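Written below as structure tokens is the structure these notes are about.
Worth saying up front: this structure is predicted, and the values here are computed from it rather than measured. Throughout, residue positions are numbered sequentially from 1 according to the sequence presented.
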Amino acid sequence: MVLGLFYISACTRHEEANARSKNNGAVKVFKPVISMDNERRLQEAVENGYHVWRKNAVDAAHAALVNEGVNVTINDLKLLSENGKEAVVTAQDKRMTHYKIICQRLIKPDGIWTATEIDMVTLNVMEEMEGKSN
């Protein structure tokens, strides 16, 4: 059952990518398809002691990027902000592409994190975002 849940969680793919121009840079936005039934099952699995990494926003963001085919390690990610309901994580891959991952707790306030948006960001836009968060 545990392997089945892991497989199901790894099978979700983004809905579509939209490119938009923003402050001399481009942002490509991926909206992962989220099944609330699957999220409830994953929350239950965590409560039963499985996949406890899902309670960490950086780990959830890492899994979402890897699921989208992005070659990053956990050390490539950085937590920018977290307010209990939403977390913003950034990453950079070996090709110097920057990512901003929005994670949310969709099931319950102290529950699992789910990546709800992945933005692929150019360097100029990324520097501006980090400047605003400091």
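- No side-chain heavy atom of V88 sits less than 4.5 Å from a side-chain heavy atom of I101.
- Under a 4.0 Å N-O distance rule, the pair R54/E39 does not qualify as a salt bridge.
- No option in T90, D76, D93 other than D93 meets the side-chain hydrogen bond (donor to acceptor under 3.5 Å, both in side chains) test with Y99.
- Within the 4.5 Å cutoff, side-chain heavy atoms of I34 are placed close to those of T114.
- Annotation: side chain of I112 is not in contact with side chain of L106 (no heavy-atom distance under 4.5 Å).
- To the nearest 0.5 angstrom, D119 atom CG is 5.0 Å from K100 atom NZ.
- The shortest side-chain heavy-atom distance between E47 and K108 falls under the 4.5 Å cut-off.
- R105 places no side-chain N or O within donor-acceptor distance of the main-chain N or O of K85, the cut-off being under 3.5 Å.
- You'll find the side chain of F30 reaches within 4.5 Å of the side chain of M120, heavy atoms only.
- Closest approach of W113 and A60 over heavy atoms only: O-CB, 3.6 Å.
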Step by step, would you call I118 with L65 a side chain to side chain contact (heavy atoms under 4.5 Å, CB included)? CA-CA 8 Å; I118 301 170; L65 285 176; 3.8 Å; yes
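- You'll find the side chain of E86 reaches within 4.5 Å of the side chain of I102, heavy atoms only.
- Scanning both residues, V46 and H51, for their nearest heavy atoms gives CG2-O, 3.3 Å.
- L80 has its side chain out of reach of V89: every pair of non-hydrogen atoms, C-beta onward, lies at least 4.5 Å apart.
- Nearest heavy-atom pair across L77 and V58 is CD2-O, 3.6 Å.
- Minimum interatomic distance between Q104 and T116 (heavy atoms only, all atoms of both residues): OE1-CG2, 3.4 Å.
- Follow the hydrophobic side-chain contacts under 4.5 Å out from V72 and you reach L79 in the same cluster.
- For the residue pair A115 and A64, the shortest heavy atom distance occurs at CB-CB, 3.4 Å.
- No more than 12 heavy-atom neighbours from other residues, nucleotides or ligands sit within 6.0 angstrom of CG on N71.
- With a 4.5 Å cut-off on side-chain heavy atoms, R40 and L42 do not count as touching.
- Cluster annotation: V70 and I74 are assigned to the same hydrophobic cluster (Ile/Leu/Val/Met/Phe/Trp/Tyr, side-chain heavy-atom contacts under 4.5 Å, transitive).
- Closest approach of A57 and A87 over heavy atoms only: CB-CB, 3.6 Å.
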